[in-house]
K.L.:
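Here it is: the structure, laid out below.
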Amino acid sequence: MKLTRAFWQTYKETPSDAEIPSHQLMMRAGLIHKVGAGLYTYLPMGYRTIRKIEQIVREEMDRANCQELLMPMVTPGELWQESGRWDKMGALMLTFKDKGERDLCLSPTNEETVTDVFRKTIKSYKDLPVTLYQINTKFRDEIRPRFGLMRGREFTMKDAYSFHMDKPCLDQVYADLYRAYENCFRRMGLEFTVVEADGGAMASADSQTHEFQVVADSGEDQIIYCAETGYAANIEKARTKRADFKPLMTQAPMKEIATPDRKTIEDVCTYLKTEQAHSLKSLVYKAITGQVEKTVLVLLLGDDSLNEIKLSAYLKADHLAPLADHELTKAGFLKGFIGPHGLTQKDLVVIYDQAVAMDSAFVVGANKTDLHFENFIPNRDASYKDQADLRLAKEGDLTIEGSKKVSVRRGIEVGHIFQLGDKYTKALSVKILDKNGKQAVPLMGCYGIGITRVAAAAIEQNHDEKGIIWPASIAPYHVYFALIGKDPEILAFADKIYQELQEQKIEVVFDDRNVGPGFKFKDADLLGLPLQLVLGERDFKEDGMLEIRERKSGLVHKIKPEEASAKIKSLLASL
RNA sequence: CGGAGCGUAGCGCAGCUUGGUAGCGCAUCUGCUUUGGGAGCAGAGGGUCGUAGGUUCAAAUCCUAUCGCUCCGACCA
């Protein structure tokens, strides 16, 4: 590509609405253009990277015996009504009607669509297993799109779906796809961790699910990680043991104590000169299961946080949310002074976290304005004593089986694989004849990669103060060829080199623009192609040499013009 | 949806408090000079100040409504 013929504009200034490096750099380097909230045009330079990521994924999926197809982005509402997700998806799914008043939606995912084509095509166990995938646009009307391509509303996703007669077969294909995913991200040059994840609404209880997380400080997800045991899990899923809790053993009776206007754990404990772990945090949630709504009081050690996923799973709730201030008041709770003793609410569910030592003494809210209790001992003073694992894992916890410490990392979820079981095949009444001629419900797995998110994640992980540092496999081009000089002779010479590189199938951007050297170097660094080839009129007249710079290391190689393509090829192979 | 903030040229911003000719930097265009780290000089184009009402002789500025965008929370590839 010659830049004098290119649709490409870079920017010195960072757009004010871009918060994280990948978003800022993609905007500044002219890779994407914002069209609306969470909606982006992939500009020519950026789209090349998207296509390269797609291609790597495509090759690895094909190698894992998957077949590519393409499903429509608009799908009929009746499919979603059949699976029950028309209502469950809520506002995330953008729905509308066609001119015949039929319900339609922009597909946020495609379990229904793929299951439908499967059930109408496959009738025999002999045709299983089979795995279908597509690389397609998804639309999710995220409540809060942000961070550019990291969480767009419209985005490109590779989604794959496997079908099986039995669990061992599902396990086998799941393992194959797991390896295919590792290959994908390895080929893309990303540092990633595979973590145990929470299936959420997607999967049944005994099924496996893993997330592929690109390690990056700006990641939205937290990963609990233990280097010694190799344990890695999303914080939502992580099961750990609390460390360093010393119970407060006393026989002293529970007593009211004035805590005027101290409403937070921090304030109360500072005021009473108590460790936060020797107080109990009281949280009130509403949990909706089917038609039933329950109010739940959760008690945690003062310096622990609630894992809502765990609570939701424990309660088998369809929907879980903390009570808003006005709901608390309405339900008779005094915000800031809520506690487990002296409650008058009917049908209240009270649960203590497992880390709460029931014989230890705690400071708790007294359910009276400006009052707390001291020396509340659950086993002695509480009327409800149910316990469950509800706390959010944190830095310094121990692994569940005992002794090793875990730490917290941040990650960007670029891939997620699930064993769906029979959730969708059952919902959509899929029947396959097994070898006894009996009808059976097949099992499914599903496997997603956020293609456009991968591009953002790659930049999060590979950039410096000057710009992007693309891994070679997903860089828009491999070489940025900058001509420094304007003499017609040197221009003609540079053009010859450019032609030759092209003939050698080297992906090269030729900066033949009539701008200063600094301008070209800045653009080259910003765009971040792995190699920069520089033909400088001044130096070339002196020694007849060109330079190749490695973007990542800054290493410079002096070469003769005729060595250019060979050297570039060997450097690319070594990167 | 709850909380916070911002809408003025393609981008980054000033002007608004105290109403009175719409400005600066970058980018873009023209000419000359310049070519190893975002060049210099001279000139040029580009804005119904988000939108709609209202107050006023007069509104970017004050008031009301509305839309859009961004950030913090529950969602997710």
Side-chain angles (χ1 to χ4, degrees), chain A residues 9-20 23 27-28 30 33-39 57 88-93 108-110 135-160 181 197-198 200-202 211-214 220-221 234 236 285 308-309 312 319-322 324-327 412-418 446-457 466-467 482-487 490-491 513-526 532 534-540 542 547 549 556:
Chain A
Q9 175 70 52
T10 57
Y11 303 90
K12 260 193 221 180
E13 277 158 318
T14 303
S16 62
D17 56 7
E19 295 286 321
I20 61 169
H23 189 193
M27 299 288 286
R28 284 192 53 213
H33 177 259
K34 187 167 93 171
V35 179
L39 304 170
V57 171
K88 252 190 189 162
M89 280 281 177
L92 186 74
M93 189 158 75
T109 174
N110 286 84
I135 297 174
N136 199 6
T137 302
K138 302 288 178 289
F139 189 90
R140 294 183 187 173
D141 203 358
E142 297 280 353
I143 295 159
R144 199 153 87 74
R146 60 179 153 184
F147 301 149
L149 296 196
M150 197 69 84
R151 180 178 297 279
R153 290 197 291 174
E154 186 172 311
F155 59 100
T156 305
M157 180 164 99
K158 186 284 298 174
D159 46 325
Y181 271 43
D198 182 83
M202 292 288 279
E211 288 169 351
F212 291 73
Q213 295 270 358
V214 166
E220 293 184 280
D221 289 359
N234 191 307
E236 295 174 345
Y285 275 74
E308 292 189 5
I309 309 268
S312 182
H319 183 77
L320 183 73
D325 287 2
H326 67 275
E327 291 172 314
I412 300 163
E413 183 188 355
V414 289
H416 199 157
I417 57 179
F418 292 93
C446 84
Y447 317 84
I449 291 180
I451 300 284
T452 38
R453 182 181 278 181
V454 166
K466 294 179 194 164
L483 168 65
I484 309 299
K486 60 161 190 177
D487 187 64
I490 198 95
L491 181 60
R513 296 174 297 179
N514 183 25
V515 295
F519 199 96
K520 294 188 179 186
F521 293 141
K522 292 288 185 191
D523 268 356
D525 287 343
L526 178 59
Q532 300 170 359
V534 182
L535 171 56
E537 191 171 5
R538 184 198 66 195
D539 288 9
F540 186 70
E542 249 171 54
E547 283 171 18
R549 294 181 201 198
V556 176

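Letters A, B, ... are given to chains in the order of the sequence lines, protein chains preceding strands, and every chain is numbered from 1.
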K.L.:
Counting only side-chain heavy atoms from C-beta out, which of B:G36, B:C13, B:A77 sits nearest to A:R538?
P.N.:
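The answer is B:G36, which lies nearest to the side chain.
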K.L.:
Categorize A:A37 for me: base, sugar-phosphate, or nothing, with a 4.0 angstrom heavy-atom threshold over every strand shown.
P.N.:
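Sugar-phosphate, no base atom in range.
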K.L.:
If you only use heavy atoms from C-beta on, which nucleotide in B:C69, B:A77, B:A74 is closest to the side chain of A:E308?
P.N.:
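The listed nucleotide nearest to A:E308's side chain is B:A74.
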K.L.:
Over all strands shown, is A:D159 touching base, sugar-phosphate only, or nothing at heavy-atom distances under 4.0 angstrom?
P.N.:
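No contact.
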K.L.:
Using whole Å, what does the distance between atom P of nucleotide B:C76 and atom CD1 of A:I417 come to?
P.N.:
18 Å
K.L.:
Taking atom C1' of B:C6 as reference, at what distance in whole Å does atom NZ of A:K34 sit?
P.N.:
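Atom-to-atom, A:K34 to B:C6, this comes out as 12 Å.
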K.L.:
Checking base pairs now: Watson-Crick or wobble, both atom distances under 3.5 Å. What partners B:C26?
P.N.:
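For B:C26, the partner nucleotide comes out as B:G10, under the 3.5 Å rule.
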K.L.:
Which part of the nucleic acid, if any, lies within contact of A:E547, taking any heavy atom under 4.0 Å across all strands shown: a base, the sugar-phosphate backbone alone, or nothing?
P.N.:
base
K.L.:
Once hydrogens and angles are ignored, does a donor-acceptor distance under 3.5 Å link the base of B:C75 to the side chain of A:R140?
P.N.:
no
K.L.:
Whether the side chain of A:E13 and the base of B:G10 hold a donor-acceptor pair under 3.5 Å is what I'd like checked.
P.N.:
no
K.L.:
List in chain and number order the residues that pass side-chain hydrogen bond (donor to acceptor under 3.5 Å, both in side chains) with A:Y11, two or more places apart in sequence or in another chain; answer none if no residue qualifies.
P.N.:
none
K.L.:
Quick check for you: among B:A77, B:G36, B:U34, whose closest atom lies nearest to any side-chain atom of A:R453?
P.N.:
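Closest nucleotide among those given: B:A77.
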K.L.:
Taking side-chain hydrogen bond (donor to acceptor under 3.5 Å, both in side chains) as the definition, give me every residue that meets it alongside A:E413, ordered by chain and number, with sequence neighbours left out.
P.N.:
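Residues passing side-chain hydrogen bond (donor to acceptor under 3.5 Å, both in side chains) with A:E413: A:H416.
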K.L.:
Is there a donor N/O on one and an acceptor N/O on the other, under 3.5 Å, for the side chain of A:Q9 and the base of B:G10?
P.N.:
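In this structure, the two groups form no donor-acceptor pair.
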K.L.:
For nucleotides 38-42 of chain B, tabulate all protein N/O to nucleotide N/O atom pairs closer than 3.5 Å, reporting atom names and distance.
P.N.:
| residue | atom | partner | partner atom | Å |
| --- | --- | --- | --- | --- |
| B:G38 | O2' | A:K12 | NZ | 2.7 |
| B:G38 | O6 | A:R28 | NH2 | 3.4 |
| B:G38 | N1 | A:D523 | OD1 | 3.1 |
| B:G38 | N2 | A:D523 | OD1 | 3.2 |

K.L.:
Using whole Å, report how far CD of A:E142 lies from P of B:C72.
P.N.:
14 Å
K.L.:
Just checking A:T14: base, sugar-phosphate only, or nothing, at a heavy-atom cut-off of under 4.0 Å?
P.N.:
sugar-phosphate
K.L.:
Side chain of A:R146, heavy atoms from C-beta onward: which of B:G73, B:G36, B:C26 has the nearest atom to it?
P.N.:
B:G73
K.L.:
Between atom NZ of A:K138 and atom CD1 of A:I451, what is the distance when rounded to the nearest 0.5 Å?
P.N.:
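Taking NZ in A:K138 and CD1 in A:I451, the distance rounds to 9.5 Å.
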K.L.:
Between B:G36 atom C1' and A:L535 atom CG, what is the distance in whole Å?
P.N.:
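So the CG-C1' distance, A:L535 to B:G36, works out to 12 Å.
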